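Down below is the structure, laid out as structure tokens.
All values reported here derive from a predicted model rather than from experimental measurement. So that the names make sense, note that chain A is the first sequence line, chain B the second, and so on, each numbered from 1.
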2 protein chains.
Amino acid sequence: MEKTGVAIVGMGTVGAGVARLLLDHGDRTARHAGRTLWLTHAVVRDLEKARDVELPEGVLTDDLQRVIDDPEVSVVVQLIGGIEPAKSIMLQLLESGKDVVTANKALLAQHGPELFDRARELGRSIAFEASVAGGIPIIANISQCLSANQIESLQGILNGTCNFIVSKMDAEGADYSVTVAEAQQLGYAEADPTMDVDGTDAAQKLAILAHLAFGARVDWSQIPRRGIDGLQAVDFKYAKHLGYRIKLIALARLTESGLALDVSPMLVKIGQPLAEVRANYNAVGVVGDAVGPVFFQGQGAGQMPTASAVVADLIDTAVGRTSITFETLELWAKGHERVGLADVGSLVSRYYLRFNVQDVPSVLSKISGALGRNGISIASVYQHDVDLSKEGIVPVVIVTKNTSQSAVDTALEELKSVDAIDAVAETFKILD
Amino acid sequence: MEKTGVAIVGMGTVGAGVARLLLDHGDRTARHAGRTLWLTHAVVRDLEKARDVELPEGVLTDDLQRVIDDPEVSVVVQLIGGIEPAKSIMLQLLESGKDVVTANKALLAQHGPELFDRARELGRSIAFEASVAGGIPIIANISQCLSANQIESLQGILNGTCNFIVSKMDAEGADYSVTVAEAQQLGYAEADPTMDVDGTDAAQKLAILAHLAFGARVDWSQIPRRGIDGLQAVDFKYAKHLGYRIKLIALARLTESGLALDVSPMLVKIGQPLAEVRANYNAVGVVGDAVGPVFFQGQGAGQMPTASAVVADLIDTAVGRTSITFETLELWAKGHERVGLADVGSLVSRYYLRFNVQDVPSVLSKISGALGRNGISIASVYQHDVDLSKEGIVPVVIVTKNTSQSAVDTALEELKSVDAIDAVAETFKILD
Ligand SMILES: NC(=O)c1ccc[n+]([C@@H]2O[C@H](COP(=O)([O-])OP(=O)(O)OC[C@H]3O[C@@H](n4cnc5c(N)ncnc54)[C@H](OP(=O)(O)O)[C@@H]3O)[C@@H](O)[C@H]2O)c1
Ligand SMILES: NC(=O)c1ccc[n+]([C@@H]2O[C@H](COP(=O)([O-])OP(=O)(O)OC[C@H]3O[C@@H](n4cnc5c(N)ncnc54)[C@H](OP(=O)(O)O)[C@@H]3O)[C@@H](O)[C@H]2O)c1
């Protein structure tokens, strides 16, 4: 059987998983690739560190040059995180004639255009299934399986840490800080979870999906984003009472004025697939004009789920499918932008608004007045009895009919000056 | 831009949808295929019949020979249903050097091995994404995206008509016959829905998936199957009370003695993705040893969802991805069977058993005795008060712990002779 030489650069969590699949389950890769994928080099920084996999002698090295100089290695899995030296190494690999497979979403979200242009110039390919939603094959599904569709919208739960936290807050009524600590203890959140909980990670992944699904070239840092830090248990309770769960949603929707992108906690109707995504799972819902709504769910991270996506890319690259796809799609190529970005203020949705008020009757007319002046219709008003009322402050939740984010912002600004409103406490889009 | 000539044979529901995507949305196919897919011929039986799409002049024909003789046409979409003349036409197309795309699951489930062998001999390919689960790209996901995994189990809702009916029975407490009539009125069930409601359609699709996921060569007619005809409203009510919904599940699970296959109504825990699949949607859950559980949901039939899958296949075929996949996978090739079939009796699961009994206390000890003798432990017993008790007959529902189907069958056989048991009224597997 033919052999394709493979190297892995970066033998951390994911790298070790990929090595395990190649070494212990060569029969599978052979069956699907029609050839043996032969692990020849595994490059690390520190040769002394314990590894999560037993490698054949001579495979582990701290010398990238061995990969570059080996003509038998045609495809390299690049699994170093962050921007540098990941970027320089990827360029070096491409220049030396290697096809690259990677899981590094931060690098692609930041430098995708440059890297893809260079790969094209060199006649090489970059595969990146594992960079978004880990084990869910969302890249292949959007760029190949749904290619007959104009995609109209995409809603994703793209960060497992956030979903673990909000699912636990929803199920147990627990506070944010308590839940984060638990997630850290269980290994579902990093010691410093900032990039996860503030929405950065989800925005980087959304930028990649927005390019594949809509042909938008997006700088991820320009995607409006709000994380889950600061979510309050009380809103999970009211949301549930209204028939919703709160989820961190990465949303892309084609509107008349362009592509609207948003990462923020939103209310999702209980029973809808996205609302039922539990624990640290990821999920993506896509609406195509031919296929209608399709929904994908799976593990968005973790050693073996991510390795599953990396090895699928390896097989695709080894058999030649990747180079075809890479060539036809012209990803991030100049002049291939098909849609501009819409102002997120124009995104239309229903809204959940919680106000803390001192005096319900008088305040309600002021609120409805301000909403009305901004063209916002009220669908329903809920006033819950909670302990807060002991101090004379009562939470009032208003669900609006469809309106735009800018209308909501203006109305809330007007209400800031009303004395009897203690705070405009919380605002969520409702995902319909 | 390069052109690839395309022909469609069979311009019914799906054929018209495919033509529409090719004619009205050539930009999409061009973008994803790097070339124009040019619809050259559309073959039908009856030239006079009204068509659901406006075709350019000269395209509609009742002469298949025009396709066969046209050297510009390299790929043909074959959308005639049933076995003949679909099979002969497919062979004719392959012999004349055309790659084929089809949605005909009945033909593949029945004659897959012969057709795939012939295609291989001729150096041609057959793509069949639309044949299972319509718009859900389950074929590509199993045979490419999850190729790094040993798939351990697969659970599908593969028939939209059945899911529409059981979802409605669950939501409305309605009777089977009433619900079927409604489904027919709304166009969700055929005038003669036999092949759908008796599980034939789901078994044919499961046979195809079992080959792709496990390498089993299965004659669909040997898959044990029970349909949804005869389901009673009362069991939907008790199931819900216990926290379950009843769904028609196509199950494939790797066991120690081989691959166990089963199509039958099963209890699925509320909140599990499969339990929440509503209306006429299809869904497939797959568990891979690396990726863990992944879940796909979408429209399993209908003009445009099915056309979405067909056109994705057309693009894959035109750019050359299909021929690579087809060659490497050696589908249905002789000697490529990787697993034998297990006796369905060995399938282990928990069970829902409903007995109609005359005298609860005395009967319960007889039931638990018979179950105990067959090694079946009882997890819980529910006795509901219903109107039936007026006539002195009381339904008793027993949920067992894990056991095999053969143990359950033997126990129920023993209980047939007990006078005070009016009937062993219902038996369902519980899907965990
Ligand atoms: N972990 C996941 O679940 C997951 C999921 C999806 C995507 N990803 C992405 O996958 C990538 C890898 O993640 P990971 O969790 O596997 O990271 P990790 O555990 O931190 O491993 C990183 C590896 O890179 C090596 N490395 C760093 N700098 C190097 C250099 N200059 N030369 C050679 N090797 C170098 C490290 O070597 P030493 O071990 O010698 O220090 C280490 O083996 C990241 O981009 C991440 O975002 C991860
Ligand atoms: N409909 C769905 O949602 C769906 C979903 C998944 C898979 N499928 C599969 O897709 C296939 C097509 O389904 P469909 O719903 O489109 O069927 P359909 O509406 O019954 O159309 C069948 C077409 O085949 C043509 N035909 C029959 N015999 C022919 C012959 N000898 N020569 C030329 N044309 C012939 C018919 O021509 P005339 O119009 O002239 O009679 C008709 O246009 C079937 O295998 C079905 O199982 C359908």
Side-chain angles (χ1 to χ4, degrees), chain A residues 17-18 20-21 25 28-29 31-35 129 134-137 140-141 143-150 215 271-273 276-278 281 283 288-299 302 304-305 307-312 314-316 319-321 324-325 327-330 338, chain B residues 17 20-21 25 28-29 31-35 129 134-137 140-141 143-150 215 271-273 276-278 281 283 285 288-299 302 304-305 307-312 314-316 319-321 324-325 327-330 338:
Chain A
V18 172
R20 233 188 260 162
L21 286 176
H25 299 294
R28 297 179 198 171
T29 39
R31 191 161 57 238
H32 287 96
R35 77 202 66 206
E129 182 61 80
I136 308 175
N141 276 286
S143 46
Q144 294 171 56
C145 307
L146 300 178
S147 51
N149 292 267
Q150 169 64 55
Q272 286 287 327
E276 306 305 325
V277 177
R278 304 292 164 84
Y281 277 81
D289 65 348
V291 75
V294 278
F295 178 77
F296 307 90
Q297 177 172 332
Q299 287 288 346
M304 297 316 291
S308 160
V310 169
V311 172
L314 258 178
I315 293 173
D316 277 359
V319 299
R321 276 191 299 254
I324 295 176
T325 313
E327 209 188 304
T328 14
L329 290 187
E330 307 198 77
R338 299 202 313 274
Chain B
R20 236 190 257 161
L21 286 176
H25 300 293
R28 298 179 197 171
T29 40
R31 190 160 60 238
H32 287 96
R35 76 202 65 205
E129 183 61 80
I136 307 176
N141 276 285
S143 47
Q144 294 170 58
C145 307
L146 300 178
S147 52
N149 292 268
Q150 169 63 56
Q272 286 288 327
E276 306 305 325
V277 176
R278 305 293 164 83
Y281 277 82
D289 65 348
V291 75
V294 279
F295 177 77
F296 307 90
Q297 178 173 332
Q299 286 288 346
M304 296 317 290
S308 162
V310 168
V311 172
L314 258 179
I315 293 173
D316 278 359
V319 299
R321 275 192 301 256
I324 296 176
T325 312
E327 209 187 304
T328 17
L329 290 187
E330 307 197 76
R338 300 202 313 277

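Here the closest heavy-atom approach between residue Leu21(B) and residue Ala148(A) is recorded as CD2-O, 3.8 Å.
Between chain B and the options Pro137(A), Ser147(A), Gly135(A), heavy-atom pairs under 4.5 Å are most frequent for Ser147(A). Looking only at heavy-atom pairs under 4.5 Å with chain B, the residue among Gly17(A), Ala312(A), Ala307(A), Pro305(A) that has the most is Pro305(A). Contacts with chain B were tallied for Arg31(A), Gln272(A), Glu276(A), Glu330(A); Arg31(A) has the most, counting heavy-atom pairs under 4.5 Å. By number of non-hydrogen pairs under 4.5 angstrom with chain B, the leading residue of Asn141(A), Val311(A), Asp316(A) is Asn141(A). When the candidates Gly298(A), Gly34(A), Pro293(A) are compared by the number of heavy-atom contacts under 4.5 Å with chain B, Pro293(A) comes out ahead.
Within the 4.5 Å cutoff, the side chain of Thr328(A) has no heavy atoms near those of the Ile315(B) side chain. Using a 4.5 Å heavy-atom cutoff, the side chains of Val319(A) and Gln144(B) are not in contact. Within the 4.5 Å cutoff, no side-chain heavy atoms of Gln297(B) are placed close to those of Val294(A). With contacts defined as side-chain heavy-atom distances shorter than 4.5 Å, the pair Leu329(A)/His32(B) qualifies.
Only the side chain of Pro273(A) comes within contact range of chain B, with heavy atoms under 4.5 Å apart. Residue contact with chain B, scored on non-hydrogen atoms closer than 4.5 Å, involves the backbone and the side chain of Asn149(A) alike. If you measure heavy-atom distances from Arg338(A) to chain B, the contacts under 4.5 Å come from the side chain alone. Only the backbone of Ser143(A) comes within less than 4.5 Å of a heavy atom of chain B; no side-chain atom from C-beta onward does. Heavy-atom distances place the backbone of Ala33(B), and not its side chain, under 4.5 Å from chain A. Heavy atoms closer than 4.5 Å to chain A are found in both the backbone and the side chain of Gln150(B).
The CZ atom of Arg28(B) sits 4.0 Å away from the CG atom of Asp289(A) when rounded to the nearest 0.5 Å. Here Ile136(B) contributes atom CD1 and Phe295(A) contributes atom CZ; the two are 11.5 Å apart, rounded to the nearest 0.5 Å.
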